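The structure displayed is predicted, hence computed values, not measured ones. No hydrogens, no waters, no symmetry mates; every other heavy atom, side chains included, goes into these values.
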Amino acid sequence: MSLTAGVVAVQGDVSEHAAAIERAATDHGREVTVREIRESGLVPECDLLAMPGGESTTISRLIHSDGIASEIRDHVAAGKPLLATCAGLIVASSDAGDDRVDELGVIDVRVERNAFGRQKDSFEAPLAIAGLDDPYPAVFIRAPAIDAVGEADVLATWDGRPVAVRDGPVVGTSFHPELTPDSRIHGLAFFENEAAAVPALEDVQ
Ligand code: GLN
C-alpha cells in the first residue's frame with residue numbers, strides 16, 4: 001500500500017524532507033515510508049528520492065565514494081522522481097562550475113554556487129511557481145543560482161534568475177522547500193509531475 005521514499009542522508013535537512021514528503025503524500029491520498037539513504041543498495045528500492053542541501057562538495061564526495069551516485073542516475077534514467085534542493089541541485093546539475101563537485105548531470109543546467117550575494121546570504125521570498133496557484137514562501141540559504149538552462153523547464157525565477165527547474169522526472173530548487181510547513185513543492189515534484197513515474201495506488205503492494 002505504501003510507496004517507498006528515500007532521502008539522501010549524507011548531510012542536510014533529512015528529517016525535514018522526510019516530514020515534507022509525508023505531508024505531500026497525505027495531501028495526495030498516498031501512503032509513504034521514508035528511508036534514509038546513507039549507503040548504496042537502498043536507492044533501487046525507492047519509488048521517489050529527495051537530495052537535501054548542505055555542502056555540495058561534501059555531498060558529491062560522499063555519494064560517489066560508495067556508489068549512491070550511480071544508483072541515483074539509474075533512478076532518474078528509470079523515470080522515477082527526484083527532488084534536489086540547494087546543494088542537492090548543485091550536485092544534480094550538469095555543470096556546478098566547481099571542480100570539487102562531480103555532477104550527476106540529471107538536470108541540464110549550469111549553476112553558480114553561493115550566487116545570491118553576501119548581504120542576502122539567507123532570505124525568504126514569495127515565489128510564483130509554475131503549477132502552484134499561490135506564491136510559495138521560499139527560504140534561500142547561501143543559495144545557488146541557475147545561470148544557463150539546457151533541456152530543462154524553468155518553474156520560477158527570482159531577481160531575474162531561474163531558481164526552480166524541472167528536467168523530466170527531476171525537480172531542482174535553489175531554495176529549501178523542506179524548511180516551511182508548505183509541502184507543495186514536494187507535491188509538485190513527486191505527485192504532480194507527468195514526466196515522472198510513481199506507481200499507481202493499485203500497483204503498490
Ligand atoms: N552553499 C552551499 C553549496 O554551495 C549550498 C547551501 C545550501 O545547501 N543551503 O554547496
Side-chain angles (χ1 to χ4, degrees), residues 2-8 17 20-32 34-35 37 43-53 63 68-96 103-111 127-134 136 138 144-158 161-178 182-204:
S2 188
L3 295 166
T4 303
V7 180
V8 177
H17 268 289
I21 293 167
E22 284 164 359
R23 285 195 305 271
T26 303
D27 288 347
H28 290 80
R30 304 299 304 260
E31 276 176 38
V32 69
V34 184
R35 307 183 70 174
I37 310 294
V43 169
E45 294 166 19
C46 291
D47 298 306
L48 49 103
L49 268 187
M51 187 156 58
I63 64 173
I68 297 173
S70 61
E71 292 180 347
I72 296 173
R73 280 201 191 97
D74 291 346
H75 174 95
V76 173
K80 298 180 191 175
L82 166 68
L83 173 61
T85 61
C86 202
L89 163 66
I90 297 170
V91 173
S93 75
S94 48
D95 186 352
E103 305 90 343
L104 293 174
V106 295
I107 308 180
D108 191 11
V109 292
R110 186 177 72 216
V111 299
L127 272 192
I129 298 188
L132 300 186
D133 290 338
D134 301 310
Y136 185 85
I146 294 164
D147 58 12
V149 180
E151 297 287 312
D153 301 321
V154 175
L155 302 179
T157 59
W158 183 252
R161 312 181 81 170
V163 291
V165 286
R166 178 174 49 217
D167 185 349
V170 189
V171 170
T173 65
S174 298
F175 54 90
H176 285 262
E178 77 285 7
D182 187 331
S183 42
R184 285 178 296 159
I185 298 288
H186 290 75
L188 203 65
F190 296 134
F191 304 109
E192 295 166 34
N193 182 0
E194 283 170 10
V198 172
L201 253 190
E202 56 274 21
D203 295 333
V204 180

Peer 1: Drop me the distance from Leu49's CG to Ile21's CD1, to the nearest 0.5 angstrom.
Peer 2: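 Going from CG on Leu49 over to CD1 on Ile21, the span is 8.5 Å.
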Peer 1: When rounded to the nearest 0.5 angstrom, what is the spacing between CG in Asp108 and CG in Asp95?
Peer 2: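 So the gap between those two atoms works out to 10.0 Å.
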Peer 1: So how far is it from Leu132 CG to Glu192 CD, rounded to the nearest 0.5 Å?
Peer 2: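 Reported value, rounded in 0.5 Å steps: 7.5 Å.
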Peer 1: Closest approach of Leu155 and Arg166, non-hydrogen atoms and distance?
Peer 2: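 Scanning both residues completely, I find the closest heavy atoms to be CD2-NH2, 3.8 Å.
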Peer 1: Any side-chain heavy-atom pair from Val106 and Leu82 closer than 4.5 angstrom?
Peer 2: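 SC-SC contact between Val106 and Leu82 confirmed.
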Peer 1: Answer yes or no: are there more than 12 heavy-atom neighbours, outside Glu45 itself, under 6.0 Å from its atom CD?
Peer 2: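 For Glu45, atom CD is crowded (more than 12 foreign heavy atoms under 6.0 Å).
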Peer 1: Test side chain to side chain contact (heavy atoms under 4.5 Å, CB included) on Ser183 and Thr26 and set out the steps.
Peer 2: CA-CA 10 Å; Ser183 42; Thr26 303; over 6 Å; no
Peer 1: Checking Thr85 side chain against Thr173 main chain: does a donor-acceptor pair fall under 3.5 Å?
Peer 2: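 Not confirmed, Thr85 side chain does not pair with Thr173 backbone.
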Peer 1: Heavy atoms only: give me the nearest His28-Gly187 pair and the separation to one decimal.
Peer 2: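 The answer is CE1-CA, 3.6 Å.
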Peer 1: Can you name the nearest heavy-atom pair linking Cys46 to Ala5, along with the distance?
Peer 2: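 It is SG-C, 4.0 Å.
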Peer 1: Side chains of residues 68-78: which donor-acceptor partners sit under 3.5 Å, not counting sequence neighbours?
Peer 2:
unit_1, atom_1, unit_2, atom_2, d
Ser70, OG, Gly67, O, 3.3
Glu71, OE1, Gly41, N, 3.1
Glu71, OE2, Gly41, N, 2.9
Arg73, NE, Leu104, O, 3.0
Arg73, NH2, Glu103, O, 3.2
His75, NE2, Pro81, O, 2.8

Peer 1: Is any side-chain heavy atom of Pro144 closer than 4.5 Å to one of Leu89?
Peer 2: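 Side-chain contact under 4.5 Å: yes.
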Peer 1: Could you tell me the separation between the CD1 atom of Ile129 and the OG1 atom of Thr157, rounded to the nearest 0.5 Å?
Peer 2: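 It is 10.0 Å, given to the nearest 0.5 Å.
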Peer 1: For Asp134, does its backbone N or O pair with a side-chain atom of Arg184 as donor and acceptor, under 3.5 Å?
Peer 2: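 Checked: pair present.
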Peer 1: For a 4.5 angstrom cut-off between non-hydrogen side-chain atoms, does His186 reach Glu178?
Peer 2: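 Touching, per the 4.5 Å side-chain cut-off.
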Peer 1: For residues Cys86 and Gly53, report the shortest heavy-atom separation together with the two atoms involved.
Peer 2: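 That closest heavy-atom pairing would be CB-CA, 4.2 Å.
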Peer 1: With heavy-atom distances below 4.5 Å as the criterion, would you say the side chains of Tyr136 and Phe175 are in contact?
Peer 2: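 Sidechains of Phe175 and Tyr136: in contact.
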Peer 1: Using every non-hydrogen atom in the two residues, find where Ser93 and Ala96 come nearest and quote the distance to one decimal.
Peer 2: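 Heavy-atom minimum between the residues: OG-N, 3.6 Å.
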Peer 1: Quick check: do Glu22 and Val32 have side-chain heavy atoms less than 4.5 Å from each other?
Peer 2: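 Yes - at least one pair of side-chain heavy atoms lies under 4.5 Å apart.
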Peer 1: Could you give the distance from CG (Asp47) to OG (Ser2), rounded to the nearest 0.5 Å?
Peer 2: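 The OG atom of Ser2 is 8.5 Å from CG of Asp47, to the nearest 0.5 Å.
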Peer 1: Mind listing the closest non-hydrogen atom pair of Leu188 and Ala130 along with its distance?
Peer 2: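 Nearest pair, atom of Leu188 first, then Ala130: CD2-O, 3.9 Å.
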Peer 1: Using the rule given for side chain to side chain contact (heavy atoms under 4.5 Å, CB included), can you reason through Thr4 versus Arg35, listing the C-alpha separation, both sets of side-chain angles and the distance that settles it, and then say yes or no?
Peer 2: CA-CA 7 Å; Thr4 303; Arg35 307 183 70 174; 3.7 Å; yes
